[in-house]
Amino acid sequence: MTYAAITGWGACMPPAVLTNADLSTFLDTNDEWIFSRTGMRERRISHVSATELATLAARRALACAGLDPADVELIVYGSCSNDEQVPNTASAVQLALGAKRAGAMDVNTACTSFLYSLSTASAMIRTGAVRNAVVIGVEIIAQYIDWENRNIAVLFGDGCGAVVVQESAREEGVLAEQLGCIADARQTLRIRGMGAAYANQGVTLGSTLIDFDGQEIFKRAVNGMVQASAAAMAKCGVTADDIDLVVPHQANARIIEAMAARAGLPMDKVVLTVDRYANMSSATVPVALATALEEGRVKPGSLILLPAFGAGLTYCAHVVRWGERVTPIQTLSDQLPLCSQSALEMVNAVRARKASQAAASTPVLEAARFADMG
Ligand code: UT7
């Protein structure tokens, strides 16, 4: 039997930090509200493209695995904030890595994109379609978020994480997963203004709007992650007591605490990065995993549970058996190009662009072409 072991990991975090105090310079909000409701203190704003973040994270993960980019057979790029719609962004990463032999695909299930990508890559390795894959979770949300809406602007940040998955004869990697989608709640989180429904109608990116029902998502997210965790653990015959570490999607510390309590998982087993990076959508899980490895929290043979949810509303949970190696084979010294602006300056530039474009463009709600999108 062939398994798909995780043999490399890496993150690439943009250096510019946007604090809660920065947000309160242009929004009616404050550190007390944001921290007590979400557990967030700060988030990162990227000065480079998602492709650039993804390429460096992937290169770090490949060095960690000791795998030459020329030998990569598949790149799965999980994201809902691609630099371009066509061509796909995995192809840009393939080019930048010099991974000429690799197939390249994008997967978009919103915040669960990394984990759905991990399922895809692991399944292809287990069937023998490929022998290895680079799996990426990356988002640049700052460019299209509605910064004037305090309900959502405080929640998100940019970032990227990646792993390398390789065939193995040992029982490791994803042992079981449960994927799901509560599609009748898909209207609770929607970005309007991107896609064919809005094409050629005078809508610019500056007029994107985000529909967001935070409380509804909160309840559904906790239920979805608890159910998926129970199902995934049952599939591979383990219980909450067997789990050594939980690396959940980081949308809100209160969501994570509610999920952990209901699933019978003590918080000292849970990795939290939401305080420093906020919600990076598909990047949260691979970045939290890389952080846990860096902090020595992953041990040889650890059993790790990875629950997540996202727009759709997609949800999932994966049970992963870690291999013997918890340290990188190699580390890269390469860094992103220097960032000459503060995070607040970059956000204010996005806000100014949006304001000037809004005057010239069709309001996004009037421009939607299809009425039957659910
Ligand atoms: O990864 C997928 C995407 N993430 C999510 O879907 C997140 C899921 N939802 C959540 O995390 C939480 O529902 C939120 C953090 C979004 C909101 O927390 P909440 O405890 O559900 O707050 P709320 O929506 O009930 O708002 C409470 C109050 C409201 O005022 P009133 O109506 O009580 O007067 C809001 O207007 O807090 C107000 N509020 C804010 N106040 C200061 C909302 N946003 C802010 C803000 N600063 N940024």
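Just so you know, residue 1 is the first one in the sequence shown, and it goes up from there. What you are looking at is a predicted structure, and each value in this text was computed from that prediction instead of being measured.
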So which heavy atom on C160 is nearest to which on A57, and how close? SG-CB, 3.6 Å

Linking I/L/V/M/F/W/Y whenever any side-chain heavy atoms sit under 4.5 Å apart, do V287 and F156 land together? no

Within this structure, what is the CD1-CG distance for the pair I140 and D83, rounded to the nearest 0.5 Å? 6.0 Å

Could you tell me whether the side chain of T188 reaches within less than 4.5 Å of the side chain of F212, counting heavy atoms only? no

Side-chain heavy atoms nearer than 4.5 Å, only ILVMFWY residues, links allowed to pass through others: does that put V274 and L189 together? yes

Looking at R170 and E172, would you say the former's side chain and the latter's main chain have a donor-acceptor pair under 3.5 Å? no

For the student: nearest non-hydrogen atoms of P248 and M259, plus distance: CB-CE, 4.0 Å

Chi angles and distances behind the side chain to side chain contact (heavy atoms under 4.5 Å, CB included) call for W147, N348: CA-CA 9 Å; W147 286 107; N348 281 332; over 6 Å; no

Donor-acceptor check, side chain of Q330 to backbone of G66, threshold 3.5 angstrom: yes or no? no

Does the Lys NZ or Arg CZ of R41 fall within the cation-pi geometry relative to F35 - under 6.0 Å from the ring centre and within 45° of the axis? yes

Using only heavy-atom distances, determine whether the side chains of D22 and T25 contain a donor-acceptor pair under 3.5 Å. no

Would you say the side chain of V48 lies within less than 4.5 Å of the side chain of L53, judging by non-hydrogen atoms? yes

Check whether the side chains of S282 and E139 place a donor and an acceptor atom closer than 3.5 Å, and report yes or no. yes

Point-to-point distance, once rounded to the nearest 0.5 Å, from CZ of R131 to CE of M124: 13.0 Å

Student check: side-chain heavy atoms of Y77 and S117 closer than 4.5 Å: no

Decide yes or no for S79 and S113: does some side-chain heavy atom of the first lie under 4.5 Å from some side-chain heavy atom of the second? no

Within the structure provided, determine whether L67 and Q166 are in side-chain contact (heavy-atom separation under 4.5 Å). yes

Evaluate the criterion side chain to side chain contact (heavy atoms under 4.5 Å, CB included) for residue pair N20 and W33; output intermediate values, then yes/no. CA-CA 9 Å; N20 291 349; W33 190 96; over 6 Å; no

Any side-chain to backbone donor/acceptor pair from N82 onto Q85? Under 3.5 Å, distance only. no

About how many Å separate OG1 of T291 and CH2 of W9, when rounded to the nearest 0.5 Å? 13.0 Å

Is any side-chain heavy atom of V320 closer than 4.5 Å to a side-chain heavy atom of L305? no

When hydrophobic residues are tied together by side-chain contacts of less than 4.5 Å, even through go-betweens, does V319 share a cluster with Y3? no

Side-chain donor or acceptor of D158 paired with backbone N/O of S46 under 3.5 Å: yes

Donor-acceptor pair, side chain of R60 and main chain of A11, under 3.5 angstrom: yes

Is L56 close to E52 at the side-chain level, that is, under 4.5 Å between some pair of heavy atoms? no

What distance do M13 atom CE and R276 atom CZ have between them, rounded to the nearest 0.5 Å? 10.0 Å

Check whether any side-chain N or O of Q201 sits under 3.5 Å from a backbone N or O of A197 as a donor-acceptor pair, and report yes or no. yes

Give a yes-or-no answer on whether the side chains of Q143 and R353 include a donor-acceptor pair shorter than 3.5 Å. yes

Could you check V72 against Q94 for side chain to side chain contact (heavy atoms under 4.5 Å, CB included), going step by step and ending with a plain yes or no? CA-CA 9 Å; V72 172; Q94 196 242 43; over 6 Å; no

Passing option when T7 is tested against V163, V164, L62 for side chain to side chain contact (heavy atoms under 4.5 Å, CB included): V164

Can you check whether A16's main-chain N or O pairs, donor with acceptor, with R44's side chain at less than 3.5 Å? no

Nearest non-hydrogen partners of L272 and M267, listed with the distance: CD1-CE, 4.0 Å

R262 and N223 side chains, donor-acceptor separation under 3.5 Å: yes

Rounded to the nearest 0.5 Å, how far apart are CG of L265 and CD1 of I256? 12.0 Å

Quick check: is I6 connected to L245 through a chain of hydrophobic side chains (ILVMFWY, heavy atoms under 4.5 Å apart)? yes

Is it true that V76 and I125 fall in one hydrophobic cluster, defined by side-chain heavy atoms closer than 4.5 Å? yes

Taking only residues at least two apart or on different chains, which pairs with a member in residues 304-322 satisfy side chain to side chain donor-acceptor pair (under 3.5 Å)? T112-T314, S119-H318

For S122 versus V165, what's the shortest heavy-atom pair and its separation? OG-CG1, 4.2 Å

Is it true that the side chains of Q178 and K235 contain a donor and an acceptor less than 3.5 Å apart? yes

Would you name the heavy atoms of I136 and A54 that are closest together and state the gap between them? CG2-CB, 3.9 Å

Can a donor-acceptor pair be found, under 3.5 Å and without considering hydrogens, that links the side chain of D106 to the backbone of T89? yes

Working note: R220 + D184, criterion salt bridge (Lys or Arg N to Asp or Glu O under 4.0 Å); need CA distance, chi angles, decisive distance, verdict. CA-CA 11 Å; R220 306 249 192 176; D184 62 3; 3.3 Å; yes

Backbone of M280 reached by a side-chain donor or acceptor of T284 within 3.5 Å: no

Under the criterion salt bridge (Lys or Arg N to Asp or Glu O under 4.0 Å), I'd like the reasoning laid out for D244 against K299: C-alpha separation, chi angles, the key distance, then a yes or no. CA-CA 9 Å; D244 298 305; K299 309 287 181 212; over 6 Å; no

On a heavy-atom basis, which atom in F309 and which in A251 lie closest, and how many Å separate them? CZ-CB, 3.6 Å

Heavy-atom check, side chain of V174 versus side chain of R126, under 4.5 Å: yes

Donor-acceptor contacts under 3.5 Å from residues 336-345 side chains, at least two apart:
unit_1: S342; atom_1: OG; unit_2: E345; atom_2: N; d: 3.0
unit_1: E345; atom_1: OE1; unit_2: S342; atom_2: N; d: 2.9

Any side-chain to backbone donor/acceptor pair from T38 onto N252? Under 3.5 Å, distance only. no

As an exercise, state the distance from CG of L175 to CE of M233, rounded to the nearest 0.5 Å. 12.5 Å

The test is side chain to side chain contact (heavy atoms under 4.5 Å, CB included); show your working for L179 and Y116 and say whether it passes. CA-CA 8 Å; L179 311 181; Y116 273 61; 3.7 Å; yes

